[in-house]
Number of protein chains: 4
Amino acid sequence: MADKRGSRVADRTDAIMRTTLELGQEVGYAKLSIEAVAARAGAGKHTIYRRWPSKGALFLDSLLSLNEPELNYPDTGDIEADLREQIHAAVDLLSKPPLGPLYQAVLVEAQQDPQVAEALNERFIGPQEEKTIARLRKARDQGQLSSDFDLSLAMALLSGPFYFQVLIARQPLTREYVDRVIEAVFAGIGPKAPPTAGG
Amino acid sequence: MADKRGSRVADRTDAIMRTTLELGQEVGYAKLSIEAVAARAGAGKHTIYRRWPSKGALFLDSLLSLNEPELNYPDTGDIEADLREQIHAAVDLLSKPPLGPLYQAVLVEAQQDPQVAEALNERFIGPQEEKTIARLRKARDQGQLSSDFDLSLAMALLSGPFYFQVLIARQPLTREYVDRVIEAVFAGIGPKAPPTAGG
Amino acid sequence: MADKRGSRVADRTDAIMRTTLELGQEVGYAKLSIEAVAARAGAGKHTIYRRWPSKGALFLDSLLSLNEPELNYPDTGDIEADLREQIHAAVDLLSKPPLGPLYQAVLVEAQQDPQVAEALNERFIGPQEEKTIARLRKARDQGQLSSDFDLSLAMALLSGPFYFQVLIARQPLTREYVDRVIEAVFAGIGPKAPPTAGG
Amino acid sequence: MADKRGSRVADRTDAIMRTTLELGQEVGYAKLSIEAVAARAGAGKHTIYRRWPSKGALFLDSLLSLNEPELNYPDTGDIEADLREQIHAAVDLLSKPPLGPLYQAVLVEAQQDPQVAEALNERFIGPQEEKTIARLRKARDQGQLSSDFDLSLAMALLSGPFYFQVLIARQPLTREYVDRVIEAVFAGIGPKAPPTAGG
DNA sequence: TCCTAAACGAGACGGTACGTCATGTCTTGTC
DNA sequence: GACAAGACATGACGTACCGTCTCGTTTAGGA
């Protein structure tokens, strides 16, 4: 954590994580082996096992070590536009090479390894959710969202459809598709009240 | 499918699929090995490889062989109520033991094995989507849904949030939560038009 | 045992034993690894472990598979001359390259692995002892040995000194040395009776 | 040897040797690891490697540090009786617990490590041989041994059979067996001259 | 009723990776 | 400066499965 950089320990940790990402991109997570990471990193297997309990943990750490350009919410005052921008950025980052396949692999691994799932939530999903909710709360207070809107549903409603599209339907996510979904989520799928004089 | 019952081939196929489900429930998909299935089923490994190209394919076939109680859309005339009922049923079936963990494992495998992904879509996700869209189209025609509603977004909007909650956030899906999500999807999260005289 | 030659099993067994001897001669028993044998023999490690419980067992089997030129006792009628010849042959075989170092390694391993010790005794030491005793018994019956001589001590008295010289004192065994020992064992180290008229 | 007692260096040396013997008796030499010795002795591995070049060297030193009750030859005037007593003592010490297994392990290690072999000969076998030969020379001079007897064969003839019995045949050494061997070595196995009047 | 060809169980096989252990060298910080 | 603690690269261990490949042995069906 607070390793003095330059220390032996931190050096090895970095080298191993870098190699993990490299190999991960080359052969995919499924075919990634600790054996191979150790060999290419010029590290002993034990040095890896000393730090990470499983391939999944190593891989997650490696990914998070990238400190990917923080997905920070813009705030232009227009919540729908801001959401669009934010989600476009997230989709670009997380569903496309080079990071996309790796991120999806982490999601997969999280299904099988509770430790990975927990770490993923604590270190990535959770923080993203906090930011999202903060931005949405402000928008709701400004009357840009329905006052009924339960913020705890935000991630499910706004991210769920995209995860579905990628993970389940396995369709590419175009910007146009993203925009249509956002629009539908804002408008709701229920019948529209006829336009009023004041609308 | 159309195996003459009583034939040796069908017998072996059934025994292997049954054993697969059994073992899958005992040790989980990740730790399931073809070796172990063969041993417990009293089958030769070759007999398994002759039929299925991969563990994922075997597992998916085994699951689908259950012919789970068809998730058929009710049609009471009230689309929101029907959706609620339908989704409650699906959630009960697919997110809870005994089938839930197995289904999630198939989803995971589909991420890694395109053949499984394709088969899953063709034989399960696709048909479900068709039924959903058919029911929603009828509702839209009856004015129970926004006439703007793009039906091709239906699965993403209505299933996505639940997949997210289970696969990503890893939270249990309560009926109450399901209802709140459905309500929000119908209402939309955007600001509400003020009630009109005609509303 | 009675493997049909040409069978897959016997082929592999032979190849592995041959490679073991080869490698054993190259790097010595201590540095011999099952890993390396498998690699060079083009065999899976499991194939080795399936047959032999330990490195020592494999090595002993490999050695014995040589069916070294049977150390059969000559019988010229002169027991001392026959013993000399027999022991010279044994010493040449078992204390000199190429077999010597390997045989000594087996002796060492037998100290550490009871299974190896037992097999060595059953398959090599024991049979040699039987032959030795048979020849000595005949000689004793013919009056060429002391009628007091306890045959069960034969191996200890006649082999022990040479094993000592090689294993403990670590001195080379010259023919001349062998002859001197044999002479001393025949004569005894006790004081001699003065020669008699009839002597 | 002449370590100032009380010095840190000697303290550590002693602790390590004591632990080595302890562990050696518990798990046997083969499974003894420097790692384990260091851990149990509360010593750094480096501290061990600084003093001993190999496991064998450490082990031999540890054994010799016991200063086992010197095997000194008695001299009652009767060489055969003295030899019996001396060999009984040696057999008791070196072939039975607690020291026996450790001594045998050193013999084994000497086969594999020339440094150990040399040290063993210089510090144990050699001195024993000197004492033995000195005693035998005296006896020969007194006419208690054959004047032909080549003293350089002494150890081989008198120790060899016992080492054989323990290391090769792996039989226990009873006192009765020891006596029979000694008798045979004195008498020789060759045919006896018929008793003479003067005999 | 026999014959033949496929399916089958059993499991050997060459591989790859696993996670563990011990080696001997090295670095760090304490006493 | 000796030390404990332990990180490190290396290399072997013995195990587990993989997917392919013989083996004989059922087991049907057609001759």
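Below, read A as the first sequence line, B as the second, and so on, with proteins coming before strands; counting in each chain starts at 1. FYI, side chains are in, hydrogens and waters are out, and symmetry mates aren't considered; it's all heavy atoms of this structure. Values in this document were obtained by computation on a predicted structure and should not be read as measured data.
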Using only atom types and a distance under 3.5 Å, with no angle test, would you say the side chain of [X] pairs donor to acceptor with the backbone of [Y]?
X	Y	result
A:N121	A:V116	no
A:K55	A:L32	yes
D:Q111	C:L167	yes

(request) Report yes if a side-chain nitrogen or oxygen of C:T47 is closer than 4.0 Å to either non-bridging phosphate oxygen (OP1 or OP2) of E:dG14; otherwise report no. (result)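 Yes, such a contact exists.
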(request) Please check the phosphate of E:dG9 (OP1 and OP2 only) for any side-chain N or O of B:R12 closer than 4.0 Å. (result)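 Yes, B:R12 has a side-chain N/O under 4.0 Å of OP1/OP2 on E:dG9.
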Nearest whole angstrom, please: distance from the [atom2] of [N] to the [atom1] of [X].
X	N	atom1	atom2	value
B:I16	E:dA10	CD1	C1'	14 Å
B:I48	F:dC18	CD1	P	9 Å
B:H46	E:dA7	NE2	P	9 Å
A:Y49	F:dT10	OH	P	17 Å
C:R51	E:dG11	CZ	C1'	12 Å

(message) Please give me every residue in residues 52-61 of chain C whose heavy atoms get under 4.0 Å of an atom in DNA chain E, ordered by residue number.
(response)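 Listed by number, there are none.
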(request) Could you check which residues of residues 24-43 of chain B get a heavy atom under 4.0 Å from DNA chain E? Sort them by number, please. (result)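 Result for residues 24-43 of chain B: B:G42, B:A43, sorted by number.
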(request) Mind checking side-chain contact (heavy atoms from CB on, under 4.5 Å) for C:A43 and listing every partner two or more places apart, or none if nothing turns up? (result)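 Testing C:A43 for side-chain contact (heavy atoms from CB on, under 4.5 Å), a comparison that skips the adjacent residues, returns C:R12, C:I16, C:A41.
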(request) For B:Q112, look at atom CD and say whether over 12 heavy atoms of other residues, nucleotides or ligands are found less than 6.0 Å away. (result)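 More than 12 within 6.0 Å, yes.
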(message) Tell me if the CD atom of D:Q104 is crowded by more than 12 foreign heavy atoms within 6.0 Å.
(response)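 Counting neighbours around CD of D:Q104, more than 12 heavy atoms of other residues, nucleotides or ligands fall under 6.0 Å, so yes.
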Can you give each donor-acceptor pair under 3.5 Å made by side-chain atoms of residues 21-28 of chain C, sequence neighbours left out, with the distance rounded to 0.1 Å?
unit_1	atom_1	unit_2	atom_2	d
C:E22	OE1	C:R40	NH1	2.9
C:E26	OE1	C:R40	NH2	2.9
C:E26	OE2	C:R40	NH1	2.9

(message) Which residues pass the salt bridge (Lys or Arg N to Asp or Glu O under 4.0 Å) test with D:D113, not counting sequence neighbours?
(response)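 Scan of D:D113 (salt bridge (Lys or Arg N to Asp or Glu O under 4.0 Å), adjacent residues dropped) gives none.
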(request) Assign each of C:K45 and A:R50 to its nearest nucleotide of DNA chain F by heavy atoms, then name whichever residue's nucleotide is nearer the 5' end. (result)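 On the 5' side of the pair lies A:R50.
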(message) Taking ring pair (Phe, Tyr, Trp, His ring centres under 6.0 Å) as the cut-off, I'd like each qualifying pair that reaches into residues 24-53 of chain A, sequence neighbours left out, listed once.
(response)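 Residue pairs with at least one partner in residues 24-53 of chain A: A:Y29-A:F59.
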